[in-house]
There are 2 protein chains.
Amino acid sequence: MRLPLTSETLEDHCYRELRQMILGGHLVSGEKLVQEDLAVRLGVSRTPLRSAIARLERENFIKLTTRGEAFVAEFGPRQIADVFEMRAVLEGLTCRLLAPTIERKHILYLRSLMASVKPAVEGDDRDVYRDADVEFHTYLTNLVTDHPLGRMLESLHLIMAMSLAQGLLRAPEETFGEHIQIIDALEAGDPDVAERAMIDHIRRTIAILRQRTDAGEPPPA
Amino acid sequence: MRLPLTSETLEDHCYRELRQMILGGHLVSGEKLVQEDLAVRLGVSRTPLRSAIARLERENFIKLTTRGEAFVAEFGPRQIADVFEMRAVLEGLTCRLLAPTIERKHILYLRSLMASVKPAVEGDDRDVYRDADVEFHTYLTNLVTDHPLGRMLESLHLIMAMSLAQGLLRAPEETFGEHIQIIDALEAGDPDVAERAMIDHIRRTIAILRQRTDAGEPPPA
DNA sequence: TTCGCGTTCACTGTATACGGTGAATCCTGA
DNA sequence: TCAGGATTCACCGTATACAGTGAACGCGAA
């Protein structure tokens with residue numbers, strides 16, 4: 001048994017490791033997760049591994065059959081759109097809650113973040129912009145402390161990161177302006193406007209995803 | 001070891017049992033959950049019990065210390081309001097998704113449900129009305145299948161049931177009309193109106209809860 | 001009495017052993 | 001050759017054993 005060099009639990013370790021394996025494509029969609037194999041691969045016993053799997057299942061990264069077999073979930077445009085649907089309203093709520101009291105320094109950070117990727121927008125450097133996009137949403141989420149909302153959004157963000165790993169869904173010049181609008185609304189301290197701006201922002205992306213679903217486009221495998 | 005009389009897993013059993021113990025007040029807020037004690041009390045080993053605890057923790061019924069000790073979460077007006085905040089937007093989303101395609105029979109059921117409690121509203125029979133209230137929201141949630149939204153709302157509904165166990169937060173004559181409005185919007189098939197009706201409905205309750213929080217009213221203990 | 005320190009103990013995380021069950025495989029008879 | 005049934009096997013849920021770690025408690029010194 002491995003000594004706990006860090007104070008982190010082995011379950012946490014497995015959780016993050018598995019997540020990374022899914023994100024990094026080392027575990028592909030639909031692949032079966034055999035507990036014993038994975039356990040030796042991660043150097044732990046089945047006990048903490050099982051906990052990690054259960055957690056990932058609740059976060060929709062893993063599907064279980066009635067008999068307990070675990071498979072990596074499939075992420076097509078449909079599934080991503082479903083998750084984004086929840087993200088839209090929950091991140092909208094985030095903005096609503098933040099607007100009245102958000103501190104100036106956070107506004108400044110968000111502005112500087114967007115300013116720093118302006119060249120990427122103009123040069124259409126999508127990799128750079130994508131990271132900023134994720135950071136923008138993650139940063140906002142992390143500002144809501146002492147509220148169960150934060151934890152709920154964590155797992156959804158991962159799915160966002162995953163979907164973006166395959167490339168941006170909308171052009172930077174489009175979403176850039178929307179981010180600015182959100183920041184403006186937060187700075188103005190208007191909960192309704194801020195909430196609406198965020199919801200509309202994400203729902204425009206959902207529209208794209210739904211188009212792909214309707215077109216029957218399969219996940220890029 | 002108990003034989004699996006039902007196909008249900010022991011973890012599921014523990015989960016429901018614990019939930020019920022919390023709801024029923026057999027486990028009170030702030031009480032520590034000692035794994036071994038609970039295990040013998042439920043007639044199982046610690047293994048499935050631990051899974052159940054982990055699950056309840058993710059659903060905010062149980063808080064864990066850094067060292068893994070589990071305590072029953074505290075549910076004051078503040079915590080309930082926080083959860084209701086998420087319920088508002090997620091159930092709003094439920095209505096938005098349902099509106100375009102909801103079947104007539106479901107509309108009819110909801111109408112008959114409300115009609116059946118009309119006397120309770122007029123007679124101010126709050127116990128009867130409360131059950132119908134929970135049923136109204138639960139029924140709608142269950143209509144959304146094939147979407148992660150349903151599972152996400154499950155745990156939140158439990159907290160609603162819990163808060164209502166202590167009595168209604170608003171007068172039936174107030175919420176009754178709002179329920180009707182929601183049904184009307186669903187029947188009309190208008191996603192925006194249906195979403196807004198649900199959100200407003202729940203947010204009015206949140207306002208009440210926030211008043212109690214501001215007044216510093218402690219949980220009834 | 002009170003503070004400090006060591007010992008004990010309770011309780012957790014983790015490993016491992018065990019029994020059961022569905023699926024795959026192989027054998028047998030037509 | 002092919003269908004059907006028995007047997008094996010792989011894998012999961014659960015129980016239990018073990019080791020580590022704070023916290024509580026008691027004891028001795030100031």
Side-chain angles (χ1 to χ4, degrees), chain A residues 1-22 26-73, chain B residues 1-22 26-73:
Chain A
M1 172 180 169
R2 200 129 116 232
L3 285 184
L5 297 178
T6 83
S7 73
E8 146 184 285
T9 237
L10 283 189
E11 180 205 316
D12 291 345
H13 173 74
C14 292
Y15 170 75
R16 275 219 297 284
E17 206 67 26
L18 280 179
R19 236 177 43 174
Q20 210 49 44
M21 286 168 96
I22 295 175
H26 294 86
L27 289 174
V28 298
S29 263
E31 183 168 351
K32 180 172 179 184
L33 300 181
V34 178
Q35 296 178 2
E36 195 156 331
D37 294 354
L38 267 180
V40 299
R41 208 156 134 193
L42 295 180
V44 300
S45 80
R46 279 176 52 214
T47 310
L49 176 69
R50 278 176 60 81
S51 309
I53 289 179
R55 187 160 157 204
L56 286 161
E57 190 271 338
R58 279 202 56 75
E59 294 177 354
N60 298 306
F61 283 94
I62 284 177
K63 295 283 176 209
L64 293 181
T65 69
T66 50
R67 271 188 40 250
E69 295 157 304
F71 294 85
V72 179
Chain B
M1 172 179 168
R2 201 131 117 231
L3 285 183
L5 298 177
T6 83
S7 72
E8 147 184 285
T9 237
L10 284 189
E11 179 205 315
D12 290 346
H13 173 73
C14 292
Y15 170 75
R16 275 218 296 284
E17 206 69 25
L18 280 180
R19 236 177 44 174
Q20 210 50 43
M21 287 166 99
I22 295 176
H26 294 87
L27 288 174
V28 299
S29 265
E31 183 168 350
K32 180 172 178 185
L33 301 180
V34 178
Q35 295 178 3
E36 195 155 335
D37 295 355
L38 267 179
V40 301
R41 207 156 135 195
L42 295 179
V44 300
S45 79
R46 280 175 52 213
T47 310
L49 175 69
R50 279 175 60 83
S51 308
I53 289 179
R55 188 164 160 198
L56 286 162
E57 189 270 339
R58 270 171 259 136
E59 294 177 355
N60 299 305
F61 284 93
I62 285 177
K63 295 281 175 211
L64 294 182
T65 69
T66 50
R67 270 191 39 250
E69 296 158 303
F71 295 84
V72 179

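Every chain is numbered from 1, with letters handed out A, B, ... down the list of sequences. All figures in this text were calculated on a predicted structure; none of them were measured in a lab.
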Please name the pair of heavy atoms, one in A/Tyr15 and one in A/Leu56, separated by the smallest distance, quoted to 0.1 Å. CE1-CD2, 3.5 Å

Could you tell me whether the side chain of B/Thr9 has a donor or acceptor atom within less than 3.5 Å of a complementary atom in the base of D/dT14? no

By the 4.0 Å heavy-atom rule, please label B/Leu33 as base, sugar-phosphate, or nothing. sugar-phosphate

Could you state the CG-P distance from B/Leu10 to C/dG20, rounded to the nearest angstrom? 14 Å

Residue-phosphate contact under 4.0 Å: B/Thr47 side-chain N/O, D/dT14 OP1/OP2: no

Quick one: A/Arg46 CZ to C/dC18 P, roughly how many Å, whole number? 14 Å

Rounded to the nearest 0.5 Å, how far apart are NE2 of A/His13 and CG of A/Leu18? 9.0 Å

Quick one: A/Glu36 CD to D/dG13 P, roughly how many Å, whole number? 13 Å

Evaluation steps, side chain to side chain contact (heavy atoms under 4.5 Å, CB included), between A/Glu31 and A/Met21: CA-CA 12 Å; A/Glu31 183 168 351; A/Met21 286 168 96; over 6 Å; no

Criterion side chain to side chain contact (heavy atoms under 4.5 Å, CB included) on A/Val72 and A/Val28, from CA distance to verdict: CA-CA 7 Å; A/Val72 179; A/Val28 298; over 6 Å; no

Could you state the CD-C1' distance from A/Glu11 to C/dA15, rounded to the nearest angstrom? 15 Å

Closest heavy-atom pair, A/Cys14 versus A/Ala52, reported as atoms and distance to 0.1 Å, is CB-CB, 3.6 Å

Side-chain contact check for B/Ser45: nearest option of C/dC18, D/dT16, C/dA15 is D/dT16

For residues 42-65 of chain B, which residue pairs pass the salt bridge (Lys or Arg N to Asp or Glu O under 4.0 Å) check, not counting sequence neighbours? A/Arg58-B/Glu59, A/Arg151-B/Glu57, B/Glu11-B/Arg55, B/Asp12-B/Arg55

Of all of residues 48-72 of chain B, which get a heavy atom below 4.0 angstrom from DNA chain C, listed by number? B/Arg50, B/Arg67, B/Gly68

Here the distance between atom C1' of C/dT12 and atom CG of B/Asp37, to the nearest Å, is 13 Å

Ignoring hydrogens, what is the shortest heavy-atom contact between B/Ala73 and B/Asn60? Give both atom names and the distance. CB-O, 3.6 Å

From CA spacing to verdict: side chain to side chain contact (heavy atoms under 4.5 Å, CB included), B/Thr47, B/Leu10: CA-CA 9 Å; B/Thr47 310; B/Leu10 284 189; over 6 Å; no

At less than 4.0 Å, is any side-chain N or O atom of B/Gln35 found next to OP1 or OP2 of C/dA10? Yes or no. no

Would you sort out whether B/Leu49 and B/Leu33 count as a side chain to side chain contact (heavy atoms under 4.5 Å, CB included), showing the intermediate values? CA-CA 11 Å; B/Leu49 175 69; B/Leu33 301 180; over 6 Å; no

If we fit an axis to the first five pairs and another to the last five of the helix from C/dT1-D/dA30 to C/dA30-D/dT1, what angle do they make, to the nearest 10°? 10°

What's the CG-P distance between A/Asp12 and C/dT14, to the nearest Å? 8 Å

